[in-house]
Amino acid sequence: MEDLLGGKVDIIQTFPASEGFFAFQDDYTKEGLLLLTNHGIFYEFIPLEEYGKPNAKRLTLKEVELNKDYALILTTNSGLWAYSIGDVVRFTSKAPYRVLVSGRTKHFTSAFGEHVIAFEVEEAMKATLEKYPAQITEFHLAPEVNPQEGLPYHQWLIEFEKEPENIELFKNELDQQLRIRNTYYDDLISGNILQKLQITPLKKNAFHEYAKSQGKLGGQNKTPRLANDRNIADLLEIYKNNHIFSIPKTYIRKKL
C-alpha cells in the first residue's frame with residue numbers, strides 16, 4: 001500500500017464487530033489494542049484449550065494471564081448473554097488491558113495435538129518473508145495425516161505473487177519459525193512424529209477462483225488460513241502450480 005501511495009501511511013488498528021466495539025490502538029509504540037472496559041460490555045475469557053468442553057471455565061479480567069490465548073465471551077447491555085463471537089485474543093498488558101486478536105475459535109490445525117493458531121502461522125510467515133523476500137497473495141495450512149510415503153506433515157498451499165529465489169531455504173525457515181512459536185509442533189518434529197512442512201505453490205488467482213467456485217466471492221468472505229481437515233486443501237490442489245522452483249547448484253552440492 002505504501003509503495004502504491006508513495007509514502008508512509010498512518011494506520012490505527014481497531015477491533016470492532018456487530019456485537020460491539022471492543023478495542024483500538026491507543027499507542028503507536030505498543031503492539032496491543034486497548035480493551036474498552038467501560039462501554040456496556042462485560043468480558044469473560046475461556047482458555048483456548050478448554051473451549052468447547054463441558055463446564056469450561058469463564059475467567060474475568062483479573063484472572064487472565066499474559067501471552068495466553070482465550071476465546072472471547074461477551075455479555076452486553078444490548079441483550080447478549082455469555083455469547084461467544086468466535087474470536088481468540090491474547091493479552092499483551094494488564095495495566096492497562098491490551099489485547100491482540102490471535103485467531104478464530106474454528107480456525108486452527110491440531111490433527112496431532114499441536115493446536116497451531118492463526119497468530120502463530122501469520123507471524124511465522126511474516127518473519128520468513130523478512131529473511132527470504134517474496135510476495136504472498138494468500139495461503140492455507142492443512143494437515144496431511146496419511147501421505148503416500150513418509151511421515152505426516154503440515155501442507156502449506158501458497159499463492160505467490162513473487163516467488164522466493166530458493167524455495168527450499170524458504171520452506172526450512174518457515175518451518176523453523178513455526179517451531180519457535182509453537183512448542184507442541186516443535187516437539188512433534190523433534191520426536192519424528194511429523195516431518196517438516198511441505199509447500200504446494202498455487203497458480204495465480206487460485207484463491208479467487210476457489211472462492212468463486214464456492215459462491216463466496218467478495219470482500220465479506222475470507223478463506224480460512226488454517227483447517228483441521230483437508231476439505232479446503234483438497235479443493236485448492238486443483239489449482240496447483242506445476243512450475244518447478246529453481247534451486248541454486250551451490251545449495252544442491254552443499255546438501256550432497
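Taking a 6.0 Å sphere around CZ of Phe21, one finds it holds more than 12 heavy atoms contributed by other residues, nucleotides or ligands. Counting non-hydrogen atoms of neighbouring residues, nucleotides and ligands closer than 6.0 angstrom, the CG atom of Leu66 exceeds 12 such neighbours.
Between His140 and Tyr210, the gap from one ring centroid to the other reaches at least 6.0 Å. For Phe45 and Phe91, the distance between ring centers is under 6.0 angstrom.
What you find for Ile136 and Phe139 is that their closest heavy atoms are CG2-CD2, 4.2 Å. Across every non-hydrogen atom of Ala118 and Gly103, the tightest pair is CB-CA, 3.9 Å. Ile193 and Pro152 make their closest contact through O-CD, 3.6 Å (heavy atoms, listed as atom of the first residue, atom of the second, distance). For the residue pair Pro147 and Gly150, the shortest heavy atom distance occurs at CG-O, 3.4 Å. For the pair Lys240 and Lys203, the tightest heavy-atom approach, listed with the atom from each and the gap, is O-CE, 3.3 Å.
Hydrophobic clustering (side-chain heavy atoms under 4.5 Å, transitive across Ile, Leu, Val, Met, Phe, Trp, Tyr) keeps Leu129 apart from Phe119. Clustering ILVMFWY residues whenever any of their side-chain heavy atoms sit less than 4.5 angstrom apart, transitively, puts Tyr132 in the very cluster that holds Ile167. The hydrophobic cluster containing Val116 also contains Phe112, counting ILVMFWY residues as joined when their side-chain heavy atoms lie under 4.5 angstrom apart, directly or transitively. Following chains of ILVMFWY side-chain contacts shorter than 4.5 Å, one can reach Tyr185 starting from Val145, so the two form part of one hydrophobic cluster. By the criterion of side-chain heavy atoms lying less than 4.5 angstrom apart, applied directly or through intervening Ile, Leu, Val, Met, Phe, Trp or Tyr residues, Ile158 is grouped together with Val121 in one hydrophobic cluster.
Donor-acceptor pairing under 3.5 Å is recorded for the side chains of His154 and Glu114. If you check the side chains of Asp10 and Tyr28, you find no donor sitting under 3.5 Å from an acceptor. Inspection of the Thr75 and Tyr43 side chains reveals no N or O donor paired with an N or O acceptor under 3.5 Å. Checked by atom type, the side-chain pair Glu237/Gln155 shows a donor-acceptor distance below 3.5 Å.
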Chi angles and distances behind the salt bridge (charged side-chain N to carboxylate O under 4.0 Å, His left out) call for Arg225, Glu122: CA-CA 9 Å; Arg225 286 180 169 169; Glu122 289 165 1; 3.1 Å; yes
Evaluation steps, salt bridge (charged side-chain N to carboxylate O under 4.0 Å, His left out), between Glu31 and Arg98: CA-CA 9 Å; Glu31 188 178 24; Arg98 288 195 175 94; over 6 Å; no
Verdict with reasoning, Lys8 to Glu2, per side chain to side chain contact (heavy atoms under 4.5 Å, CB included): CA-CA 6 Å; Lys8 181 171 173 53; Glu2 290 181 351; 4.0 Å; yes
Trace of the salt bridge (charged side-chain N to carboxylate O under 4.0 Å, His left out) decision for Glu168 with Lys171: CA-CA 5 Å; Glu168 284 297 316; Lys171 180 188 78 172; 3.5 Å; yes
Pair Ile73-Ile46, side chain to side chain contact (heavy atoms under 4.5 Å, CB included): steps then yes or no: CA-CA 7 Å; Ile73 308 298; Ile46 297 177; 3.9 Å; yes
Verdict with supporting geometry, Leu72 and Phe15, side chain to side chain contact (heavy atoms under 4.5 Å, CB included): CA-CA 12 Å; Leu72 181 60; Phe15 183 16; 4.0 Å; yes
Criterion side chain to side chain contact (heavy atoms under 4.5 Å, CB included) on Tyr239 and Asn205, from CA distance to verdict: CA-CA 9 Å; Tyr239 308 99; Asn205 295 323; over 6 Å; no
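Within the 3.5 Å criterion, the main-chain N or O of His107 finds no donor-acceptor partner in the side chain of Asn228. In this structure, the side chain of Thr200 does not engage the main chain of Leu157 through any donor-acceptor pair within 3.5 Å. In this structure a side-chain-to-backbone donor-acceptor pair under 3.5 Å is missing from Thr137 to Phe160. Under a 3.5 Å cut-off, the side chain of Gln177 and the backbone N or O of Asp175 do not form any donor-acceptor pair. A donor-acceptor pair is defined here as one N or O able to donate and one able to accept, closer than 3.5 Å; no such pair exists between the side chain of Thr14 and the backbone of Pro16. Between the side chain of Lys94 and the main chain of Val64, a donor-acceptor pair closer than 3.5 Å is present. Without hydrogens or angle criteria, Asp186 side chain to Asn182 main chain gives no donor-acceptor distance under 3.5 Å. The closest donor-acceptor contact from the side chain of Tyr70 to the backbone of Arg58 lies at 3.5 Å or more, if one exists at all. Between the side chain of Asp69 and the backbone N or O of Leu48 there is no donor-acceptor pair closer than 3.5 Å.
Applying side chain to side chain contact (heavy atoms under 4.5 Å, CB included) to Phe22 and the options Thr37, Leu33, Leu74, Val101 leaves one that passes, Leu74.
Here Glu120 does not pair with Arg179 in a salt bridge; the nearest charged N to carboxylate O distance is not below 4.0 Å. The pair Lys57-Glu50 does not count as a salt bridge, with every side-chain nitrogen at least 4.0 angstrom from each carboxylate oxygen. Ion pairing between a basic and an acidic side chain is recognised when a charged N comes within 4.0 Å of a carboxylate O; Lys204 and Glu159 show no such pairing.
The NZ atom of Lys126 sits 15.0 Å away from atom CG of Leu174, with the distance rounded to the nearest 0.5 Å. The structure places CZ of Phe207 at 9.0 Å from CD1 of Ile232, a figure rounded to the nearest 0.5 Å. How far NZ of Lys68 is from OG of Ser102: 12.5 Å, rounded to the nearest 0.5 Å. Here the CD1-CG distance, from Ile12 to Asp27, works out to 11.0 Å after rounding to the nearest 0.5 Å.
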